[in-house]
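These notes are about the structure you will find just below.
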Amino acid sequence: MITVFGHPRICICQRAAGCVATLLHDAAMNPAEVIKQRMQMYNSPYRRVTDCMRAVWRNEGAGAFYRSYTTQLTMNIPFQAIHFMTYEFLQEHLNPHRQYNPSSHMVSGACAGAVAAAVTTPLDVCKTLLNTQESLALNSLNMSGHITGMANAFRTVYQVGGVTAYFRGVQARVIYQMPSTAIAWSVYEFFKYIITKRQEERRAGH
């Protein structure tokens, strides 16, 4: 196993750190995602973040901020797997010598993000339903209470709109992810190039 820093233990630590970072990141950001999506809904009654936060806490309790937490984690696993595999596949074709090539990193990153976003859209739709508890979906099925759990969200989405409902908003999700992953990979490859170059210069100087 070869890493930028040349030691397999570092690679294992990086993977473990990545897992822990994902758990903590999603735990911290899930409440923010709930508030953001509720404020973005059509005819949202909320005008300020604090109003939305207080209303959710008062009417649904603290658990409402984490209804989609397991769905978010479940979505991140296939998203990142597809994302990285697609990026590596494209780099093998666009940049087979694995040199620093900003254009290939940007194109590969954008395409990788687009593919991963499209494939995981059904999970994102279910996550959004859990976060927003959209009244249209609840009323159309004469449901009372709240939708909880990923399996329940999957059933509800199917009952409301069939298979096509799992891919509503896929274009917007892809458009959102493409520049994000293109920038992320470009920045990562740039700093990897700089760090590797400096290490080689230090070795050459000794």
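Residue numbers start at 1 and run along the sequence shown. Since the structure is predicted, the reported quantities are computational estimates derived from the model, not experimental observations.
Separating the NE2 atom in His25 from the CG atom in Asn30 is a distance of 10.0 Å, to the nearest 0.5 Å. The distance from the CD atom of Gln171 to the OG1 atom of Thr121 is 9.0 Å, given to the nearest 0.5 Å. Atom CD of Glu33 and atom CG of Leu130 lie 12.0 Å apart (nearest 0.5 Å). Rounded to the nearest 0.5 Å, atoms CG (Asn101) and OG (Ser186) are 10.0 Å apart. Taken from CG in Asp124 to CE in Met75, the straight-line distance is 4.5 Å, to the nearest 0.5 Å. Here the OG1 atom belonging to Thr132 is positioned 13.5 Å from the CD1 atom belonging to Ile35, to the nearest 0.5 angstrom.
By the 6.0 Å contact criterion, OH on Tyr66 is enclosed, its count of non-hydrogen atoms from other residues, nucleotides or ligands being greater than 12. No more than 12 heavy atoms of other residues, nucleotides or ligands shown are found within 6.0 angstrom of CZ on Phe191.
A tilted orientation is assigned to the rings of Tyr166 and Phe154, their planes being inclined by 30° to 60°. By the 30° and 60° cut-offs, the orientation of the rings of Trp185 relative to Phe84 is perpendicular.
By the rule that hydrophobic residues join a cluster once side-chain heavy atoms approach within less than 4.5 Å of another member, Phe167 and Tyr158 end up as members of one cluster. Under a hydrophobic-cluster definition in which Ile, Leu, Val, Met, Phe, Trp and Tyr are linked whenever side-chain heavy atoms come within less than 4.5 Å, directly or via other members, Val187 and Tyr193 are assigned to the same cluster. Taken together through direct or relayed side-chain contacts under 4.5 Å among Ile, Leu, Val, Met, Phe, Trp and Tyr, Val107 and Phe190 form parts of separate hydrophobic clusters. In the hydrophobic cluster analysis, where Ile, Leu, Val, Met, Phe, Trp and Tyr join through side-chain heavy atoms closer than 4.5 angstrom, Met29 is grouped apart from Leu24. Residues Tyr46 and Val49 share a hydrophobic cluster, clusters being chains of Ile/Leu/Val/Met/Phe/Trp/Tyr side chains in contact below 4.5 Å.
The shortest side-chain heavy-atom distance between Val115 and Ile82 falls under the 4.5 Å cut-off. Between Arg48 and Thr50 the shortest side-chain heavy-atom distance falls below 4.5 Å. The side-chain heavy atoms of Ile195 and Lys192, taken from C-beta on, include no pair separated by under 4.5 Å. His105 has its side chain within reach of Tyr100: a pair of non-hydrogen atoms, C-beta onward, lies under 4.5 Å apart. For the pair Met150 and Leu123, the minimum side-chain heavy-atom distance is below 4.5 Å.
Thr86 approaches Ala112 most closely through the heavy-atom pair CG2-CA, 3.7 Å. The nearest pair of heavy atoms linking Ala153 to Leu129 is O-CD2, 4.0 Å. Of all heavy-atom pairs between Gly113 and Thr181, the closest is CA-OG1, 3.4 Å. In plain terms, the two heavy atoms of Asn131 and Ser68 that are nearest each other are OD1-OG, 2.6 Å. Listed here is the closest heavy atom pair of Ala117 and Phe79: N-CE1, 3.6 Å. Heavy-atom minimum distance, Pro96 versus His93: CD-O, 3.9 Å.
Of the N and O atoms on the side chains of Ser108 and Gln91, at least one donor lies less than 3.5 Å from an acceptor on the other residue.
The backbone N or O of Gln99 sits less than 3.5 Å from a side-chain atom of Asn95, completing a donor-acceptor pair. For the pair Ser44 (side chain) and Arg38 (backbone), a donor-acceptor distance under 3.5 Å is present.
Note on Glu200 versus Lys197: no salt bridge recorded, every NZ/NE/NH1/NH2 to OD/OE distance being 4.0 Å or above. Ion pairing between a basic and an acidic side chain is recognised when a charged N comes within 4.0 Å of a carboxylate O; Glu201 and Arg198 show no such pairing. Ionic pairing of Arg98 and Glu189 is not present here: no N-O contact between side-chain nitrogen and carboxylate oxygen is shorter than 4.0 angstrom.
With ring centers used as reference points, His83 lies 6.0 Å or more from Tyr87.
Partner of Thr120 under the side chain to side chain donor-acceptor pair (under 3.5 Å) criterion, chosen from Lys127, Arg173, Gln177, Gln80: Arg173.
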How far apart are the C-alpha atoms of Arg67 and Glu60, what are their side-chain angles, what is the distance that settles it, and do they pass the side-chain contact (heavy atoms from CB on, under 4.5 Å) test?
CA-CA 11 Å; Arg67 283 198 189 104; Glu60 303 175 47; 2.7 Å; yes
